[in-house]
Amino acid sequence: MIEIRLNDGSVKNYDKGITIEHIAKDLSSSLAKKSIAGWVNDELYDLNRPILSNSRVTIVTKDDAKAFEVLNHSTAHLMAQAVKRLYPDAQFGVGPAIKEGFYYDIATAHKIGEEDLALIEKEMRKIIQEQTPMSRQVLTRQEALERFENDPFKTELIQELPEDEPISIYTQGEFVDLCRGGHVGNTKHIKFFKLLSIAGAYWRGDSDRGMLQRIYGTSWFTKEALENHLKVLEERKARDHRKLGKELRIFELNRDAGQGLAMWLPNGYTVRKVLEDYVYKLERKAGYKHISTPILGTKRLYEISGHWSHYRENMFPVMHRDGEDFVLRPMSCPHHALVYQSELRSYRDLPIRYAEIVTQHRYEASGALTGLERVRAMTLTDAHLFVREDQIKEEVLAAYNLILTAIQDLGLEIDYVELALRDHDKGKFHDNDALWDLAESMLKSLLEEENIEYIEMVGEAAFYGPKIDIQVRTAMDHVITMSTVQLDFLLPENFDLNYIGNDGEKHRPVVIHRGLISTWERLMSILLEQYKGAFPTWLAPVQIKIIPVNTEAHGTYAKALNDQFIDLDIRSELDLREEKLGYKIREAQTQKIPYQLVIGDEELNNNSVTYRAYGKKEQVTLSLEAFFDFIQAQIRTKK
RNA sequence: GCCGCUUUAGCUCCAACAGGUAGAGCAAUUCCAUGGUAAGGAAGAGGUUGCUGGUUCGACUCCAGUAAGCGGCACCA
């Protein structure tokens, strides 16, 4: 007999070798139905894995996040079995559960296409019908290596497992896989799944190694849950900024203009200009000085800054003229350093905060380019703060708070904050451990003092220093960097930047790189997705559409109204086309214009307006004065 | 960059094609109609089927190459 301590603290005695399945049944039949796996002490057990000693047991039910993971992991195995039946030469890399499903990496001479997904699904259903048990066995390292001796992928994985780790394999019918578990115990538990896409993926995520074929899928406990998830995927597509950007005439990409080189259309540029003005004002208030420096610079400049040795691959190639090499600028720090250097600085001058709205060019890998999200020419407000060491904390914090203000004003949400640190890959990072330690500990203690939750990302730092990155999630569920604050002790060294201290001696300033809200391109992609194209009034390209009921009778009043709005800096447009009212309303709604004003006799006679807000059905009539106040308040409060 | 897929009118499109040089809706144009909140009617027009080459009597259709786009992977100072 062994003692099993349950979740509620009670202790029960069972025969040695009891399983989660039996314990669940013993507790209640409804629990048995819902149970998927169990935690035994801190290890995840399958339903049918024997428990051999006194243990703490927590039953994992379908409602637990862990159960979704187990189900998807098992579905990955099921898929692998089906793939192996269809393509017997198939060998498998890794096949984990992921946030919304699973994938499995497959090596086979057969090129898996869209049509194959249906065939694989069919085979999977066959295996489910066979009600194949999934059973666990533990092997020694030697046995495992022998078992997988013809499988280079699994052999490699086994060799990398720690010496003392038990090696488990799972068998379902003729299919055997190296796997930690847990699993659902029998393929019959897998019911509602769909294979979604095929992709290429490097073995071990290493671009120097071979590429496998990856199949993505998703698996759920109920039909509704699966259907709901598929609907979510559809909805994501509907708010894809590339689709919305085209529909709303925000930007244009053209192969003749160049890959990743976006053109801003009038609607898009209007929004961008509002953002630029907003940021300019925000920065002025925060003590930044704006400068402007060229897009083209000498290669020498980037040699001095250190970018040439660390970043050359991501720059457009050199242009040679008059015995000088020029490059398109990929970032602003070197120019800002030169501007700093242009006068003698006193400790009293610091901090000096330079901001610049500027276009930068980066040679992004062609496969990385995605609409406005990843481009090769981008315009942004880039800033560098030149500070004394004793000002670092205060200035990093101020920059961080400025970022929060902007993100809040724009109605965006932070997904998480990341502290990017170096690792010991000396080639990747500037080599000065003392400075690194100082910079990293400063950022860390600042985040902790301010109670800012963060995730440490070792090896993700910039080559010149650690950084705090603010990550957001796109509609397509990509995580991208929105804002960044980076500490840099290297740039001041490389440019020999100084200030005169109160001791009359030269001292080294520290540079803080600050990316406020990414680039206008990326920001636009995020805003489009965030608002599904329906911009808040203060950002909307067109804020008001004025629609006279009858052009002849009401056109003059409508025109006068439109002029008044424009005088108040409200982006109003007049629709005088000879079309039905309903047609014009529909078009204004489709264009997601925040307010449509219909002007007829009633409005003309009472000096009023009747508006209909985007997405709403009701009509509201207000006096002209009241509407002016209303719309201006909307804009002022960034609604 | 790598793997796979896609590319037909300004836009959208599982229109078409065992290989016989293309079709719809919307938009645009013209005409008619037109007073209250999501598409009034009619007509005509619009295409070297991404590009280059090959196979063929004949290619949107098959093949090769190339470009861009899409899904991922790698990359993202």
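The basis for the numbers below is simple: all heavy atoms, side chains too, and nothing from hydrogens, waters or symmetry mates.
Contact check, Y216(A) against C73(B): a side-chain N or O comes under 4.0 Å of OP1 or OP2. For K580(A), no side-chain nitrogen or oxygen approaches OP1 or OP2 of G40(B) to under 4.0 Å. Look at R612(A) and you won't find any side-chain N or O under 4.0 angstrom from OP1 or OP2 of G36(B).
Evaluated for a side-chain contact (heavy atoms from CB on, under 4.5 Å) with V510(A), the options V387(A), L385(A), L497(A) yield exactly one hit, V387(A).
Counting heavy atoms from C-beta on, the side chains of L196(A) and K194(A) come closer than 4.5 Å. In this structure the side chain of R522(A) reaches within 4.5 angstrom of the side chain of T481(A), judged on heavy atoms.
When the nucleotides G36(B), C2(B), G71(B) are ranked by their closest atom to the side chain of D240(A), G71(B) comes out on top.
Per the geometry, CD1 belonging to I215(A) stands 14 Å off P belonging to G4(B), to the nearest Å. Across the protein-nucleic acid pair, I547(A) atom CD1 and G36(B) atom P stand 14 Å apart, rounded to whole Å.
Residue G205(A) is classed as a sugar-phosphate contact, given heavy-atom separations below 4.0 Å to backbone atoms only. Here T481(A) lies out of heavy-atom contact (under 4.0 Å) with every strand. Among the atoms of the strands shown, base atoms are found under 4.0 Å from some heavy atom of Q589(A). Residue P548(A) is out of contact with every strand shown, counting any heavy-atom pair closer than 4.0 Å.
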Protein and nucleotides 26-31 of chain B: nitrogen or oxygen contacts under 3.5 angstrom:
unit_1, atom_1, unit_2, atom_2, d
A27(B), OP1, Y583(A), OH, 3.1

Under 3.5 Å, N/O pairs linking protein and nucleotides 66-68 of chain B:
unit_1, atom_1, unit_2, atom_2, d
A68(B), OP1, Q259(A), OE1, 3.0

Practice item. Map every base of RNA chain B to its dot-bracket character, where paired means a Watson-Crick or G-U wobble contact with both distances under 3.5 Å and | marks a partner outside the strand. Key: (((((((..((((......[..))))..((((.......))))......(((((..]....))))))))))))....
Point to revise | Derivation of the side chain to side chain donor-acceptor pair (under 3.5 Å) call for Q360(A) and S332(A) | key: CA-CA 8 Å; Q360(A) 304 180 345; S332(A) 307; 2.6 Å; yes
